[in-house]
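To start, I am sharing the structure in question, which I have written as structure tokens.
This is a predicted model, so every value here is computed, not measured. In listed order, ligands and their atoms are each counted from 1. Sequence positions, counted from 1, serve as the residue numbers for this chain.
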Amino acid sequence: MSVKLGVNVDHVATVRQARMCNEPDPVIAAALSEFAGADGITIHLREDRRHIQDRDLRILRETVTTRLNLEMACADEIIEIALATKPEQVTLVPEKRREVTTEGGLNVIGEFDAIKTAASRFKAAGIRVSLFVDPDAEQLQASADTGAEYVELHTGVYANQRGDAALEIALRELHAGAEKAHLLGLGVNAGHGLNYFNVQAVCRLPHMYELNIGHSIVSRAVYVGITQAVKEMKQLMNEA
Ligand code: PXP
């Protein structure tokens, strides 16, 4: 079975927010992505609302026909919004105001009680819980202990490596992380920094269920349109 593709449309909203207007619309980008073969739509409602807005979440909840994955900080305001909106999945991520994008995985060990409490509230509401973590054995163990069903392995370190030897080491860490997560009974997703050149090696890792990809798809969409950009990514994943 080929690895599923969750298309992250945050950066469509980033372009819109650059002018605080109503185009381009991540809702339309999400619909076109689904027509092109996306298996899910991912958005990150950040506390500072720098790209995705509450209106986007509300409308996407109505229009997404595949699966809506809401990336979010483990923060009271966003937890209440997620519980009220009921996406199929939430992915808890660390969030810092000044970062350009998510930097590193969650510290599940350090924030264990808050994450466990949030995970149990989401599960009780029928929302699947995934935790965005580095491929670190202790963080993975803590992730399983929170009751989360999935982890999303942070692929940013791998994506930033240059040279075959460094890439190989980063891939080996992801491989070990995927095996460990699977042994712990966790489903395995991955994402961050994946593009048309580095995606296939990640698809070939064991137990991989879904990849969440945003920036590279939205960037290519500027040149070829989002339908074509999603189709090309999906094809690479199917061929991997
Ligand atoms: N997964 C998570 C948890 C993320 O925070 C992001 C970035 O929003 C992505 C995947 C997608 O990363 P990229 O935009 O680099 O493809």
* Donor-acceptor contact present, side-chain E77 to main-chain A75, <3.5 Å -> no

* What residues form a salt bridge (charged side-chain N to carboxylate O under 4.0 Å, His left out) with D39, not counting sequence neighbours? -> K234

* Asked: So is L194 polar-close to ligand 1, meaning N/O to N/O under 3.5 Å?
  -> no

* Asked: Are the charged groups of R67 and E210 less than 4.0 angstrom apart, N to O?
  -> yes

* Asked: For ligand 1, is there an N or O atom under 3.5 Å from any N or O atom of E152?
  -> yes

* Asked: Would you find a donor on one side and an acceptor on the other, under 3.5 Å apart, between the side chain of Y150 and the backbone of Q89?
  -> no

* **For N212, the ligand 1 atoms whose distance to one of its heavy atoms is below 4.0 Å** => 10 (C), 11 (C)

* Close approach of N8 to ligand 1, heavy atoms, under 4.0 angstrom -> yes

* To do: Could you tell me whether the side chains of H44 and D10 share a donor-acceptor contact shorter than 3.5 Å?
  => no

* What are the atoms of ligand 1, with element, lying closer than 4.0 Å to any heavy atom of I213? -> 16 (O)

* **Electrostatic pair R55:D25 at N-O distance under 4.0 angstrom** => yes

* Which of the atoms in ligand 1, numbered in the order shown and given with their element, are less than 4.0 Å from a heavy-atom of H215? -> 13 (P), 14 (O), 16 (O)

* Should the proximity of E71 to ligand 1, defined as any heavy atom under 4.0 Å, be assigned to the side chain, the backbone, both, or neither? -> side chain

* **Atoms in ligand 1 flagged as close to V93, the criterion being non-hydrogen separation under 4.0 Å** => 3 (C)

* **G193 heavy atom under 4.0 Å from ligand 1** => yes

* Asked: Cationic tip of R220 within the cone over Y196's six-membered ring, i.e. under 6.0 Å and within 45° of the normal?
  -> yes

